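Everything numeric here is computed off the predicted structure, so don't read it as measured data. These values consider heavy atoms only, across backbone and side chains, with no hydrogens, waters or symmetry-generated copies.
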Amino acid sequence: MGTSGRDVAEDISQQINDALGRLQSKQLFQTTWDIVAFAIFFTFIGMVLLLGLLALIRCCCCDCDTPSSYKKVKKSKVGIDNMGMEA
């Protein structure tokens with residue numbers, strides 16, 4: 001169990017050193033896949049923030065205190081009652 005913990009620590013240390021090396025060389029994206037992953041990640045984050053903002057606007061700006069505004073409006077009767085059809 002001690003060797004696997006040491007391997008994980010070395011792995012994390014290597015990844016941190018790799019990231020710091022990229023920052024120092026100012027070459028964050030080494031491959032096209034890095035750019036694509038970055039774009040997809042920030043598109044996802046942007047969509048989550050946009051949906052959260054829209055939900056916040058909907059909740060705060062609309063009249064949420066009246067649940068009757070969400071109910072269907074009851075239609076009034078049109079025409080006359082046919083008393084012969086009633087039992």
Side-chain angles (χ1 to χ4, degrees):
M1 191 161 169
T3 57
S4 65
R6 195 172 299 150
D7 291 341
V8 172
E10 288 176 10
D11 227 13
I12 291 173
S13 174
Q14 185 179 7
Q15 288 179 0
I16 289 173
N17 289 334
D18 183 42
L20 290 175
R22 286 184 184 188
L23 284 173
Q24 285 177 342
S25 69
K26 295 182 181 178
Q27 195 174 21
L28 295 175
F29 305 115
Q30 293 181 347
T31 65
T32 307
W33 287 108
D34 290 343
I35 297 169
V36 170
F38 182 79
I40 290 172
F41 175 73
F42 277 102
T43 301
F44 174 75
I45 295 297
M47 284 297 181
V48 168
L49 291 175
L50 178 67
L51 289 174
L53 181 66
L54 289 174
L56 187 66
I57 289 171
R58 170 89 171 121
C59 183
C60 294
C61 295
C62 294
D63 192 17
C64 293
D65 294 336
T66 58
S68 62
S69 64
Y70 296 113
K71 293 180 181 176
K72 291 183 179 178
V73 177
K74 188 174 181 181
K75 294 182 180 180
S76 60
K77 284 178 132 183
V78 178
I80 57 172
D81 289 335
N82 186 351
M83 298 306 259
M85 294 292 289
E86 292 188 16

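Placement of I16 and V8 within a single hydrophobic cluster is found when ILVMFWY residues are connected by side-chain heavy-atom separations under 4.5 Å, directly or transitively. In terms of hydrophobic clustering, with Ile, Leu, Val, Met, Phe, Trp and Tyr side chains grouped at heavy-atom distances under 4.5 Å, V48 and F42 are assigned to a common cluster. If you chain together hydrophobic residues whose side chains sit under 4.5 Å apart, I45 and L54 never meet in one group. Hydrophobic clustering (ILVMFWY, side-chain heavy atoms < 4.5 Å, transitive): W33 and I40 are in distinct clusters.
When atom types are taken as modelled, the side chain of T43 and the backbone of A39 share a donor-acceptor pair closer than 3.5 angstrom. Checked by atom type and distance alone, the side chain of D11 never pairs as donor or acceptor with a backbone atom of D7 at under 3.5 Å.
Rounding to the nearest 0.5 Å places CG of N17 at 11.5 Å from CD of E10.
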